[in-house]
There are 2 protein chains.
Amino acid sequence: MPASALDDIDLRLLRVVAADGRATLARLAAESGLSVSAVQARIKRLEARGAITGYRAVVDPDVVGVPLSAFIEITPLDPAQPDNAPELLEHLPQIEACHSIAGQAAYMLFVRVASPRDLEALIRDIRQAAAVNTRTTVVLQTFFENRAAVPR
Amino acid sequence: MPASALDDIDLRLLRVVAADGRATLARLAAESGLSVSAVQARIKRLEARGAITGYRAVVDPDVVGVPLSAFIEITPLDPAQPDNAPELLEHLPQIEACHSIAGQAAYMLFVRVASPRDLEALIRDIRQAAAVNTRTTVVLQTFFENRAAVPR
DNA sequence: GTTGAAACCGTACGGGC
DNA sequence: GCCCGTACGGTTTCAAC
């Protein structure tokens, strides 16, 4: 796949659409100085190239019943075994993110659950599904998250 | 602020729109069995109630030049001082999320930067801005993230 | 990239349950 | 209260340039 670099207008469009996924082509055109059609062609290119991987509504976790979140670091019980923890854990919808990390643990998960009781059950499920030890850090308060990551 | 609970249709709409922030009212109507007007009224209610806090395009960090991410735990140097680290750090755009946490550290940050060099500079900025110690865990690979968090 | 025209969509309003 | 149908203006789409 080719990789003609993003120019300033692309970055500008990405910044706007990252902040407002429903921005109209007309607004994007106004903010970039291009015509509506030119903007549309660029957006389609950005989607095709994988620069834009999707669009989502941001949902308040509290309102939909998952007010408790936590970081869970996991480490395989047997380092000799093949390690495919991400695949083994993918089916658990409470796991919002899964990163492999440098440091003592092998992976860092970010999870959302309804209650401490559900967190306990989830940790049990994770340990069992992936044969890992866990180290859980409960989130007390979230000051901000989901901030758009398109550098100026 | 009232809080009439979300019914099954609301949750269904949230699930669809969380996965596809550009889903049309027509599609939401088809998937929920309601008319376009009814769906529109519900979406507006969900936005007004704060169940939907916004819409965004998901941008590939690699493509926009921030391929390196990390978790940074921070702890105030002087526990006696008033602790307003989140406000002191808000101006740093590389910080994508800031949570206060239970455990040894006070806050967990998630950051994105272009290079190890930039990570070093960011850590220095954080220490200086908020008068904190830091403990950084570099992300080696992200298997998944941004998974929609609307429970079934 | 641009223009323009047609199809589609979001919105407001009227009405019925 | 919640829902449906319709009409209008804005938006997306795609051809031709």
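Throughout, protein chains are lettered first and strands after them, A, B, ... in sequence-line order, and every chain is numbered starting at 1.
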Colleague: Here's a test of your reading of the structure: between A:Ala38 and B:Val36, which maps to the more 5' nucleotide of DNA chain C?
Modeller: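 Its nucleotide being nearer the 5' end, the pick is A:Ala38.
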Colleague: Starting at atom CG of A:Leu13, determine the distance to atom C1' of C:dG1, rounded to an integer number of angstrom.
Modeller: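 Result: 14 Å.
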Colleague: In whole Å, I'd like the distance from the CG atom of B:Asp10 to the C1' atom of D:dC3.
Modeller: 14 Å
Colleague: Hydrophobic clusters here meaning ILVMFWY residues chained together by side-chain heavy-atom distances under 4.5 Å, can you tell me if A:Val16 and A:Leu34 are in one?
Modeller: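 Yes, because A:Val16 and A:Leu34 connect within a single hydrophobic cluster, where side-chain heavy atoms sit under 4.5 Å apart.
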Colleague: OP1 or OP2 of C:dC9 sitting under 4.0 Å from any side-chain N/O of B:Arg22?
Modeller: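 For B:Arg22, the contact criterion (side-chain N or O under 4.0 Å from OP1 or OP2 of C:dC9) is not met.
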Colleague: Starting at CG of B:Leu6 and ending at P of D:dC2, how long is that distance when rounded to a whole Å?
Modeller: 13 Å
Colleague: May I ask you to say what B:Arg45 touches in the nucleic acid, namely base, sugar-phosphate or nothing, with a heavy-atom cut-off under 4.0 Å?
Modeller: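 Result for B:Arg45 = sugar-phosphate.
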Colleague: Give the nucleotide from the list C:dT3, D:dC2, D:dT12 with an atom nearest to the side chain of A:Leu25.
Modeller: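 Of the options given, the side chain of A:Leu25 lies nearest D:dT12.
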Colleague: To the nearest Å, give me how far apart CZ (A:Arg42) and P (D:dT12) are.
Modeller: 17 Å
Colleague: From D:dC3, D:dC14, C:dT11, pick the nucleotide closest to the side chain of A:Lys44?
Modeller: D:dC14
Colleague: Between A:Glu47 and A:Tyr55, is any side-chain donor less than 3.5 angstrom from a side-chain acceptor?
Modeller: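 Yes, A:Tyr55 and A:Glu47 have a side-chain donor paired with an acceptor closer than 3.5 Å.
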Colleague: Looking just at side-chain N and O atoms, do A:Ser32 and A:Arg12 make a donor-acceptor pair shorter than 3.5 Å?
Modeller: no
Colleague: Taking atom C1' of D:dT12 as reference, at what distance in whole Å does atom CZ of A:Arg27 sit?
Modeller: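 Rounded to the whole Å, the gap is 17 Å.
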Colleague: Between B:His99 and A:Phe71, what is the ring plane arrangement, given parallel below 30°, perpendicular above 60°, and tilted in between?
Modeller: perpendicular
Colleague: Would you classify B:Ser37 as touching base, sugar-phosphate or nothing, given that sugar-phosphate means primed atoms plus P, OP1 and OP2, and contacts are heavy atoms under 4.0 Å?
Modeller: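 Base contact.
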Colleague: The side chain of B:Gln40 is closest to which nucleotide in this list: D:dC4, D:dT12, C:dG10?
Modeller: C:dG10
Colleague: Could you give the CG-to-P distance, from B:Asp8 to D:dC2, as a whole number of Å?
Modeller: 16 Å
